[in-house]
Visitor: 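First, the structure itself, so that you have it in front of you.
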Amino acid sequence: MVQYVIESLAFQLVFIIIYDVFLRRETFFQWNRLYLLGTCVLSFLLPLIALDIFKSKVPDAVAVYTPFMFSNYDLETNTALLNDTNVAQQLTMPWYGILFSIGVVVALFLFLFKIRQLYKLRKRGEKTVYTDFTEVILKQSNSAFSFFKTIFLGDEIKTKEYPNIIAHELVHIKQKHTLDLLFFEVMRIALWFNPLVYIYQSRISEVHEFIADAKVAKTHRKEQYELLLSQVFQTENISFINHFFSSSLIKKRIKMLQKNQSKKIWASKYLLLLPTIVCILFYTSSKGQEKDTDKENDIIEVKEAPVKQDVIVDVPFAVIEDVPVFPGCEDATDKRACFNEQMTKHIRKHFTYPKEAAEKGIEGRVSSRFVIQEDGKIGELQTRGPAVILEEEAIRIIKLLPNFKPGKQRGKAVRVPFSLPITFRLTPETDKEKLTKDVKTALLRKEQEEKDRLYKDAKEVPFSVIDEVPVFPGCENASDKKACFNNKINEHIRKHFSYPESAQKEGVQGRVSVRFVMMEDGSIGKIQMRGPDVRLEEVALNIIKKLPNVTPGKQRGKAVKVPFSLPITFKLQKKND
């Protein structure tokens, strides 16, 4: 969202610079009006447009996953269930969201205040209804402006000035200039922080006056010129009405009345808009290519999704909570390793070097990508290799894969993309043993590359995939520090757990979902929780605050923040009769 706003501002700045440098001094007033309205709308649409014609490659689907892992502790059985499930974060609005909302409210209040000013002026004034407009005479005033089909005139305006002022304001009414100003007024409310919207409104107001002056000057040029020279009147300070007398515009309007009509050839300046839009489209269409899938290296880029989302799209094999289960791996301790081993065996079993390719000396690597779907079937198979004949062999091998037990994220079956490079080599190394070794190495390298790419510059790395997990005091010499960490956490909860008496009496029970972050220095911070009752949350908070400092977790040799989530279940024991 922030990038979208920045791009819109940048495009508006470009359009305004083009207008001020090339178009503002020309007398093509209607074209200028259309330019200002059109480019303002375009600046909000262009960041959303991406044309395939400007793309050098077609991106693959982007996988989305949720990185927060949990462990579950059941107080009824005093046992720890390490499920690595997800819990929603508390719904909080960031500071900039609060600031934006305050600005919108203030801008809306100012707009309503201006509307009220107009209402009071209309109510106080003496109204006369004509066919094309309603005239409102303001007592002890020399103002002159219009709003929709109402013309406000001060009673101190001289009689000889009256016809020209009415003719001028009728141009505003007939051409619906008030709608233009109200459009930018709405923009000022929604984008109160954007100074360019104010500039746009100023420019369109200026063009409105030039249009009205030009229309009136066709029949009363001398009178209009004398009227502008007479004096500068004070008007109501309302940004979305057409002032007849405006001190900031008097000199410009006089200059425009004196200016000769621009030559038609100068209308070609508007063509500058075309290459500008093409350049912008080229930028918006190609900006996302850095985030596209790198097919040559079979690396799928993964974007992080907010935890509060309930919808999970594709989850990479390297980070999914419950990996798809290859038939025969149901009872395996490490199902991920078993999956890779069985995949290697499958390729070795069904691999055949195409005779035609061998005769022609065709070799190389076929990069294949497929999705293990929610029902465990293989779908969306894609391949790319040095020759179609090798691609066809890779497709044949993958189509022979059995149905899997689907992978799960947060307990829900999800789609799991998987990339599988198969190398065809015309050397003694193409025997099945060498192929098995190559495939296994490629699978392991692929998994590590996905993790490295995903968490290379990450500020937080999930506990389940970090290179070196945080070390709980007492686990320094443990062979499995992750398991030791979980055991120590469970012991800590049992030691410091207490059930509030008042909650027991009222029958209050349920689960408190706690999330905290182990910082780079090993301290515990950013504690968040959500539960069915404040008293249960306080107990959970007290337990977490008593956690000791840990040896910080490391990713690529660098200490990083590690989030950890811990649902604590408060359950009342049933009394035996």
Side-chain angles (χ1 to χ4, degrees), residues 64-75 79-92 302 304-312 315-316 318-322 408-412 414 451 454-455 458-472 475 481-497 510-520 522-534 536-553 555 560-571:
V64 181
Y65 81 104
T66 308
F68 302 122
M69 306 299 175
F70 293 75
S71 59
N72 186 8
Y73 182 77
D74 192 333
L75 294 170
T79 57
L81 306 174
L82 302 177
N83 293 326
D84 287 343
T85 55
N86 294 289
V87 70
Q89 287 180 311
Q90 299 180 37
L91 296 175
T92 56
V302 181
E304 181 177 320
V307 176
K308 63 184 179 182
Q309 290 184 347
D310 294 326
V311 179
I312 304 174
V315 183
V319 296
I320 191 170
E321 294 169 3
D322 299 326
K408 292 184 178 181
Q409 187 78 357
R410 287 185 287 172
K412 181 180 178 181
V414 295
K451 289 182 180 179
L454 180 60
Y455 300 113
K459 295 181 180 178
E460 293 186 358
V461 181
F463 183 85
S464 64
V465 298
I466 193 169
D467 291 344
E468 299 178 38
V469 298
V471 180
F472 203 102
C475 294
K481 291 183 173 57
K482 184 177 292 187
C484 183
F485 183 97
N486 289 325
N487 291 334
K488 290 291 185 181
I489 282 285
N490 293 323
E491 290 176 8
H492 177 83
I493 294 174
R494 284 195 293 267
K495 179 180 178 181
H496 298 284
F497 175 78
R511 189 176 72 170
V512 177
S513 299
V514 182
R515 181 183 184 275
F516 58 89
V517 177
M518 290 169 275
M519 313 300 281
E520 296 96 327
S523 61
I524 305 299
K526 297 185 179 179
I527 303 173
Q528 297 175 308
M529 62 195 60
R530 187 174 64 179
D533 189 89
V534 175
L536 304 187
E537 291 181 356
E538 289 177 351
V539 172
L541 178 61
N542 184 52
I543 291 172
I544 302 304
K545 282 186 174 179
K546 290 181 179 178
L547 281 170
N549 285 4
V550 299
T551 302
Q555 185 74 7
V560 295
K561 296 177 183 178
V562 182
F564 193 86
S565 298
L566 188 69
I568 302 178
T569 302
F570 291 76
K571 191 174 292 184

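Only this structure's heavy atoms are used, side chains among them; waters, hydrogens and symmetry mates stay out. The residues of the chain are indexed from 1 along the displayed sequence. The structure displayed is predicted, hence computed values, not measured ones.
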Visitor: Show the nearest heavy-atom pair for residues P532 and G510, with the distance to one decimal.
Guide: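 Heavy atoms of P532 and G510 come nearest at CG-CA, 3.9 Å.
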Visitor: Checking the side chain of N487 only, and the main-chain atoms of A483 only, is there a donor and an acceptor separated by less than 3.5 Å?
Guide: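 Indeed, once roles are kept as given, a pair shorter than 3.5 Å links the two residues.
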Visitor: Do the side chains of V469 and V562 get nearer than 4.5 Å, heavy atoms only?
Guide: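 No, side chains not in contact.
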Visitor: Measure the spacing between NE2 of H496 and CD of E491 and express it to the nearest 0.5 Å.
Guide: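 These two atoms lie 11.0 Å from each other.
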Visitor: Can you confirm whether M518 sits close enough to K561 that some side-chain heavy atom of one is under 4.5 Å from a side-chain heavy atom of the other?
Guide: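 With C-beta onward as the side chain, the pair stays apart.
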Visitor: Just wondering, do L541 and E537 contact through their side chains at under 4.5 Å, heavy atoms?
Guide: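 In short, these two side chains do not touch, never coming nearer than 4.5 Å.
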Visitor: With rounding to the nearest 0.5 Å, note down the distance linking NZ in K526 to CZ in R515.
Guide: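 Those atoms lie 8.0 Å apart.
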Visitor: If you compare all heavy atoms of I544 against all heavy atoms of V514, which two are closest, and at what distance to 0.1 Å?
Guide: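 Minimum heavy-atom separation between I544 and V514: CG1-CG1, 3.6 Å.
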Visitor: Looking at every heavy atom in both P552 and G522, which two are closest together, and how far apart are they?
Guide: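 Of all heavy-atom pairs spanning P552 and G522, the closest is CB-N, 4.1 Å.
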Visitor: Using the ring pair (Phe, Tyr, Trp, His ring centres under 6.0 Å) criterion, which residues pair with F485? Sequence neighbours excluded.
Guide: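 Applying ring pair (Phe, Tyr, Trp, His ring centres under 6.0 Å) to F485 gives F463, F472, F564.
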Visitor: Within the distance-only criterion (no hydrogens, no angle test), does the side chain of Q555 pair as donor or acceptor with the backbone N or O of I466 below 3.5 angstrom?
Guide: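 Judged by distance alone, no pair lies under 3.5 Å.
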Visitor: How about I543 and L566: do any of their side-chain heavy atoms sit closer than 4.5 Å?
Guide: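 Side-chain contact under 4.5 Å: no.
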Visitor: Could you tell me if the side chain of F516 sits less than 4.5 Å from the side chain of L547, heavy atoms only?
Guide: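 In short, these two side chains touch, coming nearer than 4.5 Å.
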Visitor: So do R410 and E321 actually touch side chain to side chain, heavy atoms under 4.5 Å?
Guide: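 Yes, close enough: below the 4.5 Å cut-off.
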Visitor: Can you name the nearest heavy-atom pair linking K488 to C475, along with the distance?
Guide: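 Closest pair (atom of K488, atom of C475, distance): CG-SG, 3.5 Å.
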Visitor: How long is the straight-line distance from CE of M529 back to CG of L536, given to the nearest 0.5 Å?
Guide: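 Answer rounded to 0.5 Å: 11.5 Å.
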Visitor: Provide the closest heavy-atom pair for P563 versus V461 in the form atom of the first, atom of the second, distance.
Guide: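 Result for this residue pair: CD-O, 3.4 Å.
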Visitor: Test side-chain contact (heavy atoms from CB on, under 4.5 Å) on V539 and F570 and set out the steps.
Guide: CA-CA 10 Å; V539 172; F570 291 76; 3.9 Å; yes
Visitor: What's the spacing between K546 NZ and I493 CD1 if we round to 0.5 Å?
Guide: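 Interatomic distance, K546 NZ to I493 CD1, rounded to 0.5 Å: 13.0 Å.
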